[in-house]
There are 2 protein chains.
Amino acid sequence: MNALGLVSVRLCAGLMGRRSAVLLPSLRFSSGMTLSQIDEEVAKLLQLKAQLGGDEGKHAFVLKTAKGTRDYNPKQMAIREKVFNIIISCFKRHGAETIDTPVFELKETLTGKYGEDSKLIYDLKDQGGELLSLRYDLTVPFARYLAMNKITNIKRYHIAKVYRRDNPAMTRGRYREFYQCDFDIAGQYDAMIPDAECLKIVYEILSELELGDFRIKVNDRRILDGMFAVCGVPDEKFRTICSTVDKLDKMAWEDVKKEMVNEKGLSEEIADRIGEYVSMQGGKDLAERLLQDPKLSQSKQACAGLTDMKQLFSYLELFQVTDKVVFDLSLARGLDYYTGVIYEAVLSQTVPAPVPTPTEQNGADEAGVSVGSVAGGGRYDGLVGMFDPKGRKVPCVGVSIGIERIFSIMEQKAELSSEKVRTTETQVLVASAQKNLLEERLKLTTELWNAGIKAEVLYKKNPKLLSQLQHCEETGIPLVAILGEQELKDGVVKLRNVASREEVDVPRADLVDEVKKRTL
Amino acid sequence: MNALGLVSVRLCAGLMGRRSAVLLPSLRFSSGMTLSQIDEEVAKLLQLKAQLGGDEGKHAFVLKTAKGTRDYNPKQMAIREKVFNIIISCFKRHGAETIDTPVFELKETLTGKYGEDSKLIYDLKDQGGELLSLRYDLTVPFARYLAMNKITNIKRYHIAKVYRRDNPAMTRGRYREFYQCDFDIAGQYDAMIPDAECLKIVYEILSELELGDFRIKVNDRRILDGMFAVCGVPDEKFRTICSTVDKLDKMAWEDVKKEMVNEKGLSEEIADRIGEYVSMQGGKDLAERLLQDPKLSQSKQACAGLTDMKQLFSYLELFQVTDKVVFDLSLARGLDYYTGVIYEAVLSQTVPAPVPTPTEQNGADEAGVSVGSVAGGGRYDGLVGMFDPKGRKVPCVGVSIGIERIFSIMEQKAELSSEKVRTTETQVLVASAQKNLLEERLKLTTELWNAGIKAEVLYKKNPKLLSQLQHCEETGIPLVAILGEQELKDGVVKLRNVASREEVDVPRADLVDEVKKRTL
């Protein structure tokens with residue numbers, strides 16, 4: 001604290017000396033601050049200093065992106081495009097439409113939907129007008145959209161960025177601005193058919209992305225609640241005990257039990273009863289067995305959940321995905337709005353922690369752990385009703401693909417692979433070995449563009465052939481169309497294969513077809 | 001004011017009665033307020049009231065999107081996808097890479113880049129940490145990206161949403177959240193080659209979108225400045241006179257002249273001299289003539305601009321686009337950062353004002369006028385240097401496609417057209433005429449999905465054949481694969497063409513190929 005206190009005093013003095021009427025942002029140094037809070041306050045002061053001109057009297061920009069965000073460079077964009085194509089193809093294969101909603105919503109639209117996480121919502125400044133917040137997920141805007149347009153059934157996907165003022169862990173793909181890829185089915189249908197299709201979709205996407213082995217855990221909010229009830233958990237503690245159970249994928253049972261007993265005030269006996277259930281994993285057979293369980297079968301809720309679980313697995317068998325799906329009683333997703341089946345997909349492989357890059361000054365608690373969950377979702381039959389003036393419900397089930405973690409893995413794979421990621425799709429470079437042929441190069445390039453060929457030409461009057469070939473090597477352009485006095489006279493173009501260096505004269509009229517043929 | 005004042009008092013009293021510790025947002029009623037400001041304050045109060053539970057004691061949501069924003073429904077998304085595909089194909093044909101940047105930047109990154117328009121920037125609330133603003137365009141983030149990563153040459157496109165607290169005119173495609181499609185070439189190259197390619201790109205995109213006839217106006221910041229100088233405009237008035245000239249596309253010369261003389265304080269003589277120049281339009285010939293102009297040729301700046309203009313037109317001839325490009329001395333784009341050539345594309349057709357829909361409660365000053373500019377850009381050689389700590393410059397030229405206006409036109413065209421816009425790509429619906437065949441339907445659907453066919457199945461145990469056929473009619477699915485006891489016994493599927501109602505039995509093993517063949 002001491003050293004930092006000094007810095008801030010010096011900064012403030014410097015600032016106030018320059019302009020006395022400056023409006024300082026709330027300076028909030030107190031002994032209760034965390035290190036990251038102090039970092040943020042310092043950043044704000046430095047930013048303010050730069051804005052005011054700084055000590056040197058010249059603009060000293062802090063040249064960075066906002067904390068927890070990143071630019072995508074062309075290579076990352078090429079990977080992103082590839083991942084999106086796989087995911088969108090899958091959504092379309094299942095007959096989904098797509099919608100888009102604004103990046104911000106009325107603040108009240110988000111109010112009361114995220115429980116404790118509401119503190120992570122980004123608010124916009126009150127500049128006159130409505131109070132706005134950046135969207136926190138795509139599910140709440142979707143529910144608002146359905147209620148607002150009185151839509152009672154739709155199968156839609158939505159791929160867009162969402163915003164959370166969370167602690168970033170950038171090398172593990174955890175950002176404050178990140179993509180969500182959501183697929184949801186809204187409508188009153190026969191039980192578990194849309195739910196099973198969501199799981200089929202997760203299965204298809206994770207398989208096609210070739211991220212290694214994975215498992216999809218399934219549970220049901222009603223089974224959890226029934227289990228808590230028959231174990232003797234008081235009603236008002238269901239939710240908090242649920243969030244403790246949710247930690248079982250990161251903590252040992254002993255520690256989870258400790259939290260239940262010491263922090264949440266359960267008796268050891270009750271905790272042990274829960275412990276027995278949450279260690280159970282299986283498939284349809286487990287659902288059948290639990291329907292016979294003398295305790296659990298006394299809960300109507302649990303029975304409804306277990307009957308649906310049985311039904312779900314029979315559909316999953318028809319969809320040929322049961323080899324990766326596990327009925328796991330320890331799965332307990334945090335969000336308040338789930339009402340039925342819930343699921344989460346995890347990759348089996350753990351990804352080694354990469355060395356943090358110098359640009360990643362923002363990185364917080366990076367560590368070499370499993371990337372964990374890459375998809376999750378469930379049924380939320382009450383959310384749309386929260387927006388409808390008359391409370392009319394629209395049953396929904398959906399899944400969200402955790403695309404940023406997938407990008408991280410794909411980027412690391414690309415780093416390790418010898419194959420170069422191309423960032424353009426250019427088929428041919430129009431080049432020349434001689435001087436004063438710019439006009440001829442531009443004319444030929446125009447012919448190619450007009451025929452739909454992806455073509456480039458260097459923006460130099462007289463570039464060297466070597467630098468033209470180098471550009472192809474660097475960017476992966478496979479062909480060069482070389483023009484010279486002789487070629488112009490003969491009405492041909494010399495077409496060169498960059499990799500093999502083989503050259504062949506092609507009649508100008510055939511060039512388009514020849515390029516197409518060679519770059520299929 | 002009176003009625004409104006009463007309303008606000010009543011609201012406040014109601015609110016304060018319910019909870020005394022409520023934090024009221026700044027209530028800013030004053031006699032200087034505009035009507036739209038009052039509307040916004042009222043909206044804020046109503047919002048607050050709803051949040052607190054309202055008079056009725058139940059949650060009364062304001063079910064809407066934020067002012068000036070809109071959802072995209074599936075039909076609008078289908079149009080958006082089509083437009084993006086045309087634009088992205090063009091960018092890729094010209095060898096462009098793509099990047100992405102965060103939706104918000106450090107506030108200071110945007111400071112001092114937009115002149116008077118800075119007041120339209122959306123700021124985020126200070127929730128501790130950095131001061132952030134939503135991006136206002138894609139050009140400044142691009143320049144920040146180049147400087148931050150020390151990139152000295154790149155050809156990139158960037159399609160993303162930007163944010164302006166402007167007065168929305170939604171039926172004319174003017175929103176507070178809207179897409180920009182930017183293509184820029186950064187790097188030190190021989191004069192006017194990249195500039196000409198930007199114009200070629202605008203030409204290609206507007207042609208392919210089939211929006212009717214268009215013109216691309218071209219001018220140069222240096223020609224404008226030289227013209228002002230030789231006409232006798234004082235240096236310090238260049239910018240303000242420039243913005244008056246910019247109004248010539250909406251105002252008659254007489255009115256523009258009045259503004260110059262009465263508001264900007266020019267003498268009538270000087271204004272008339274400007275008037276002579278800004279009425280000039282032409283091509284390469286005009287540039288050549290003006291290079292001989294006794295007055296204009298005395299300005300070094302103007303000569304440099306005119307020489308480049310000549311060069312530009314000779315490249316445009318090679319690119320075969322001179323039929324739509326006009327050298328127009330009245331073109332004067334507003335943004336501060338342009339340093340050389342500037343351009344703007346306008347559609348010739350005027351679009352009739354549509355009847356405002358009931359959902360468009362936000363609409364402000366809609367009117368049946370020309371959609372105006374649909375693309376614009378220019379050269380900005382100094383912007384990157386503003387971000388580089390050592391002021392190193394990276395010359396840039398770029399173009400931005402005004403995609404929202406294009407969406408508006410395409411949507412209106414789709415409304416008028418008899419052709420139905422499909423929002424899914426489903427090739428076949430798996431159906432059944434008999435009961436108890438859900439399992440068989442799911443099994444067949446799985447076969448189709450696994451073979452890459454886009455297939456749907458209704459989520460009902462026993463749907464009627466009629467409702468299955470109706471779903472196809474409504475969503476444009478061309479084929480139905482019908483299963484029945486007999487078909488299962490025979491190992492065939494009845495494939496029905498929805499439009500022609502023709503049916504044919506296809507051996508199950510051939511179904512995938514048959515569907516592919518019929519939905520090419």
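Letters A, B, ... mirror the listed sequences (proteins, then strands); counts begin at 1. Values below: every heavy atom of this structure, side chains too, minus hydrogens, waters and symmetry copies. Note that the structure is a prediction, hence the values are computed from the model and not measured.
- In this structure, B/L124 and A/Y122 approach most closely via the heavy-atom pair CD2-CD2, 3.5 Å.
- Counting heavy-atom pairs closer than 4.5 Å to chain A, the top-ranked of the candidates B/T446, B/N73, B/N450, B/V457 is B/T446.
- Heavy-atom minimum distance, B/P102 versus A/D71: CD-OD1, 3.2 Å.
- Residue A/I477: no heavy atom, backbone or side chain, is found under 4.5 Å from chain B.
- Using a 4.0 Å cut-off between a side-chain N of Lys or Arg and a carboxylate O of Asp or Glu, A/R176 and B/E130 do not qualify as a salt bridge.
- Summarising the geometry, atom OG1 belonging to A/T424 is positioned 15.5 Å from atom CZ belonging to B/R156; distances are rounded to the nearest 0.5 Å.
- A/Q188 touches chain B through its backbone: at least one of N, CA, C or O sits under 4.5 Å from a heavy atom, while the side chain does not.
- Rounding to the nearest 0.5 Å places CG of B/L442 at 10.5 Å from CG of A/L316.
- For chain B, the nearby part of A/E204 is the side chain; its heavy atoms alone come within less than 4.5 Å.
- Looking at A/V103, the atoms closer than 4.5 Å to chain B (heavy atoms on both sides) sit in the backbone and in the side chain alike.
- Of the listed residues (B/L134, B/D190, B/T445, B/V321), the greatest number of heavy-atom pairs within a distance under 4.5 Å of chain A belongs to B/D190.
- The environment of NZ in B/K119 is crowded: more than 12 heavy-atom neighbours from other residues, nucleotides or ligands sit within 6.0 Å.
- Pairing each heavy atom of A/A66 with each of B/L132, the nearest pair is CB-CD2, 3.5 Å.
- Minimum heavy-atom separation, A/Y315 to B/L438: OH-CD2, 3.3 Å.
- For a residue to count as touching a neighbouring chain, one of its non-hydrogen atoms must lie under 4.5 Å from one of that chain's; by this rule A/E425 touches chain B with the side chain only.
- In this structure, no portion of A/F91 lies under 4.5 Å from any heavy atom of chain B.
- Distance check: A/L106 CG to B/T69 OG1 gives 8.0 Å after rounding to the nearest 0.5 Å.
- Chain A forms the most heavy-atom pairs under 4.5 Å with one residue out of B/R422, B/H94, B/K200, and that residue is B/H94.
- Comparing B/I185, B/T475, B/L458, B/I154 by how many heavy-atom pairs each has under 4.5 Å with chain A, the most go to B/I185.
- In this structure, chain B has no heavy atom under 4.5 Å from any part of A/I151.
- At a 4.5 Å heavy-atom cutoff, A/I201 makes no contact with chain B through either its backbone or its side chain.
- Using a 4.5 Å cut-off between heavy atoms, B/L448 makes no contact with chain A at all.
- Here the closest heavy-atom approach between residue A/Q127 and residue B/D123 is recorded as OE1-N, 3.1 Å.
- By number of non-hydrogen pairs under 4.5 angstrom with chain A, the leading residue of B/K125, B/M192, B/Q320, B/E177 is B/K125.
- Here OG1 of A/T65 is found 7.5 Å from CD of B/E105. Values are rounded to the nearest 0.5 Å.
- When B/M77, B/E456, B/Q76, B/K461 are compared by the number of non-hydrogen pairs under 4.5 Å with chain A, B/M77 comes out ahead.
- Between B/Y189 and A/Y459, the angle of the ring planes goes over 60°, which puts this pair in the perpendicular group of the 30/60° scheme.
- When the candidates A/W449, A/F319, A/Y72 are compared by the number of heavy-atom contacts under 4.5 Å with chain B, A/W449 comes out ahead.
- Remark: B/Q427 CD to A/K92 NZ distance equals 12.0 Å, nearest 0.5 Å.
- Only the side chain of A/E197 comes within contact range of chain B, with at least one heavy atom under 4.5 Å from a heavy atom of that chain.
- Heavy atoms of A/I453 lying under 4.5 Å from chain B belong exclusively to its backbone.
- Using a 4.5 Å cut-off between heavy atoms, B/E81 touches chain A through its side chain atoms alone.
- Using a 4.5 Å cut-off between heavy atoms, A/E317 makes no contact with chain B at all.
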Q: Test B/L63 against A/R144 for side chain to side chain contact (heavy atoms under 4.5 Å, CB included), laying out the working first.
A: CA-CA 7 Å; B/L63 207 53; A/R144 191 266 306 146; 4.2 Å; yes

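- For A/R80, the part lying under 4.5 angstrom from a heavy atom of chain B is the side chain only.
- For chain B, the nearby part of A/A96 is the backbone; its heavy atoms alone come within less than 4.5 Å.
- Residue A/K155 touches chain B through its side chain alone, counting heavy-atom pairs closer than 4.5 Å.
- Taking 4.5 Å as the limit, some side-chain heavy atom of B/P74 sits within range of a side-chain heavy atom of A/I99.
- Distance check: A/D100 CG to B/R70 CZ gives 9.5 Å after rounding to the nearest 0.5 Å.
- Heavy atoms of other residues, nucleotides or ligands lying less than 6.0 angstrom from NZ of B/K75 number 12 at most.
- The contact between B/E439 and chain A is made by backbone and side chain atoms together, counting heavy-atom distances below 4.5 Å.
- Closest heavy-atom contact between B/T101 and A/K161: O-NZ, 3.5 Å.
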